[in-house]
Amino acid sequence: MPSNSQPPRFAPTKEEIETLALAALNRLPSPFTEHLSDVVLFVEDFADAAILKEMDLSDPFELTGLYTGRSIGQEAQTGDGPPTVHLFRRPLLDEWVETGVPLDALITHVVVHEIGHHFGLSDIDMHVLEDMVTL
């Protein structure tokens with residue numbers, strides 16, 4: 001084995017993905033950050049079968065993130081859980097490899113898109129917000 005060979009590379013863990021996602025959330029400007037204390041972040045390898053079925057997806061690699069909950073300003077209903085953002089590690093890693101987009105930029109894109117649903121933002125507004133938090 002040549003002495004200048006690179007060490008083995010390992011896919012980022014759920015914890016490393018979470019760290020990148022939290023960093024993206026921390027770059028959000030005020031007043032957004034003031035409305036995120038109740039949002040729960042989850043990083044999982046894939047969406048579960050029930051979510052895929054509900055979204056009419058047959059391939060778990062098609063879903064990189066998901067927001068669940070009511071948008072700010074919508075009246076809470078009995079039985080509502082906290083708003084959540086789910087990031088799906090394996091689809092994110094596949095998209096990272098396939099597109100060549102830096103992983104932190106990809107995570108930021110997905111996080112901003114999902115948080116945008118929390119605020120009821122349009123796709124255009126989400127792109128503007130993403131530009132504000134991209135490194």
Side-chain angles (χ1 to χ4, degrees):
M1 179 175 253
S3 62
N4 64 351
S5 67
Q6 293 198 1
R9 302 264 311 160
F10 299 99
T13 64
K14 291 177 187 178
E15 292 78 15
E16 291 166 324
I17 300 286
E18 179 181 18
T19 297
L20 292 171
L22 291 173
L25 288 171
N26 287 331
R27 289 192 305 273
L28 288 169
S30 179
F32 296 100
T33 53
E34 294 145 15
H35 298 281
L36 295 177
S37 62
D38 60 337
V39 176
V40 180
L41 175 69
F42 293 100
V43 180
E44 301 161 303
D45 278 333
F46 290 103
D48 65 33
I51 290 172
L52 294 173
K53 183 177 180 181
E54 180 180 324
M55 298 190 75
D56 198 26
L57 297 173
S58 60
D59 183 354
F61 283 94
E62 291 182 66
L63 190 61
T64 56
L66 178 67
Y67 173 79
T68 57
R70 297 191 184 276
S71 297
I72 289 179
Q74 288 186 331
E75 189 174 325
Q77 301 292 314
T78 302
D80 280 353
T84 61
V85 170
H86 292 260
L87 298 179
F88 303 112
R89 179 180 162 272
R90 295 285 309 281
L92 284 165
L93 295 179
D94 268 28
E95 186 171 332
W96 172 48
V97 170
E98 289 172 8
T99 64
V101 172
L103 186 58
D104 60 337
L106 177 60
I107 302 271
T108 296
H109 170 76
V110 174
V111 166
V112 168
H113 182 85
E114 300 311 331
I115 285 299
H117 293 300
H118 181 60
F119 292 100
L121 299 179
S122 69
D123 284 343
I124 292 172
D125 291 336
M126 288 181 206
H127 288 293
V128 170
L129 183 57
E130 182 180 353
D131 288 344
M132 294 171 74
V133 300
T134 299
L135 296 174

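Since the structure is predicted, the reported quantities are computational estimates derived from the model, not experimental observations. Starting from 1, each residue takes its place in the sequence as its number.
- The two atoms that bring Val111 and Leu87 nearest to each other are CG2-CD1, 3.9 Å, heavy atoms only.
- By the rule that hydrophobic residues join a cluster once side-chain heavy atoms approach within less than 4.5 Å of another member, Leu25 and Leu106 end up as members of one cluster.
- Under the 4.5 Å side-chain heavy-atom criterion for grouping Ile, Leu, Val, Met, Phe, Trp and Tyr, Phe46 is not connected to Leu63 through any hydrophobic cluster.
- The distance from the CG atom of Leu129 to the CZ atom of Phe119 is 8.0 Å, given to the nearest 0.5 Å.
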If you look only at distance, which donor and acceptor atoms sit under 3.5 Å apart when one is on a side chain in residues 35-45 and the other is two or more places apart or in another chain?
residue: Glu44; atom: OE1; partner: His86; partner atom: ND1; Å: 2.8
residue: Asp45; atom: OD1; partner: Arg89; partner atom: NH1; Å: 2.9

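- What you find for His117 and Tyr67 is that their closest heavy atoms are CB-CD2, 3.6 Å.
- Note on Met55 and Val85: separate hydrophobic clusters, where clusters join Ile, Leu, Val, Met, Phe, Trp and Tyr whose side-chain heavy atoms are under 4.5 Å apart, directly or indirectly.
- When all heavy atoms of Pro91 and Pro60 are compared, the closest pair comes out as CG-O, 3.3 Å.
- Nearest heavy-atom pair, Trp96 versus Val101, reported as atom, atom and distance to 0.1 Å: CD1-O, 2.8 Å.
- Annotation for Glu62: atom CD counts as buried by contact number, over 12 foreign heavy atoms lying within 6.0 Å.
- A heavy-atom distance below 4.5 Å is not found between the side chains of His109 and Thr64.
- Under the 4.5 Å side-chain heavy-atom criterion for ILVMFWY residues, no single connected hydrophobic cluster contains both Leu66 and Val110.
- Both Leu20 and Val97 are assigned to one and the same hydrophobic cluster, defined by single-linkage of ILVMFWY side chains at heavy-atom distances under 4.5 Å.
- Counting only heavy atoms from C-beta outward, the side chains of Met126 and Asp123 approach each other to under 4.5 Å.
- Panel note: side chain Glu16, backbone Thr13; a donor-acceptor pair is recorded below 3.5 Å.
- To the nearest 0.5 Å, atom NE2 of residue His118 and atom OG1 of residue Thr84 are 10.5 Å apart.
- Aromatic ring centres of Phe88 and Phe61: separated by at least 6.0 Å.
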